[in-house]
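No hydrogens, no waters, no symmetry mates; every other heavy atom, side chains included, goes into these values. Whatever order the structure lists them in is the order used to number ligands and atoms, beginning at 1. Along the sequence shown, residues carry numbers from 1. Nothing here was measured: the structure is a model prediction, and the numbers come from that model.
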Amino acid sequence: MRYGVISDIHSNLEALEAVLSALAREGVNLLLCCGDIVGYAADPAACVELVRRKVNAGVGGNHDWAAAGKLDMDWFNPQARLAVAWTVTRLSEDQKKFLGSLPLTWRDENVTLVHGSLDQPEEFPYIFDLSEAQASLKLQETLVGFMGHTHLPGFFTAQEASGSYEPAQGIYRLKAGVKVLVNVGSVGQPRDRDPRAAYCLYDSDEKTIEIRRVAYPFERTQEKIRAAGLPGVLADRLAAGY
Ligand code: ZN
């Protein structure tokens with residue numbers, strides 16, 4: 001079984017299209033999403049519709065739940081709050097209902113999905129380091145878990161008292177009995193100084209997980225963000241990936 005996993009699209013249609021066409025060439029059996037379909041960029045409705053057509057299952061992120069009116073705006077910093085408020089005006093009732101219907105966790109026999117952490121997923125905690133990953137890994141019932149939220153791709157593993165965290169590079173090979181929590185990075189607003197859109201491939205037969213990157217025309221996304229009157233930094237950051 002080949003899984004494709006994406007996260008943190010953030011209304012960036014150009015990045016989403018680039019990732020979907022890359023994934024179409026990879027021949028995945030199931031496409032999953034770890035949330036934050038909307039927020040920040042200027043194409044929330046188009047991204048929601050594309051996700052509904054192409055993604056097989058997924059969880060809601062803080063931006064999705066806020067756009068659906070299920071998370072208080074106080075949760076967000078000023079720029080994100082402006083983007084959420086603008087996003088709400090661009091979505092149909094049906095699209096908001098869809099975002100609000102996304103669960104906080106999802107799993108099948110091989111993998112678990114969450115936006116932030118399995119420990120209190122409704123609080124959307126950020127996992128930046130191994131100690132923060134422990135609480136989620138403890139609750140993870142499958143060998144493989146996927147998340148997003150920080151927009152920083154990486155692999156977290158734990159074995160009893162020891163553990164490791166590695167920024168995503170190359171292919172990760174599953175080890176028997178060692179759970180891994182994978183941050184799949186961000187499609188629409190990478191923050192690891194690599195402006196290319198990120199996506200993840202998991203082959204459950206080969207037991208390999210890989211984060212891949214694909215370039216997209218971010219200048220077009222920047223133009224749309226500026227034309228919409230959204231905060232300029234939301235456009236600027238796409239060129240450098242921060
Ligand atoms: Zn996000």
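Take V28 and apply the side chain to side chain contact (heavy atoms under 4.5 Å, CB included) test, not counting sequence neighbours, and it matches L23, E26, L201. For the side chain to side chain contact (heavy atoms under 4.5 Å, CB included) test, residues two or more places apart in sequence or in another chain that qualify with A85 are M73.
Partner of D8 under the side chain to side chain contact (heavy atoms under 4.5 Å, CB included) criterion, out of C34, P190, S186: S186 alone. Applying side chain to side chain contact (heavy atoms under 4.5 Å, CB included) to I37 and the options C47, S11, S7 leaves one that passes, C47.
Neighbouring protein atoms of the Zn ion (ligand 1) (N, O or S, distance under 2.8 Å, waters ignored): D8 OD1, H10 NE2, D36 OD2, H151 NE2.
One hydrophobic cluster, built from ILVMFWY side chains closer than 4.5 Å, holds both I6 and L102.
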Got a list of side-chain donor-acceptor pairs under 3.5 Å for residues 235-242, not counting sequence neighbours?
residue	atom	partner	partner atom	Å
D236	OD1	R226	NH2	3.0
R237	NE	Y242	O	2.6
R237	NH2	Y242	O	3.0

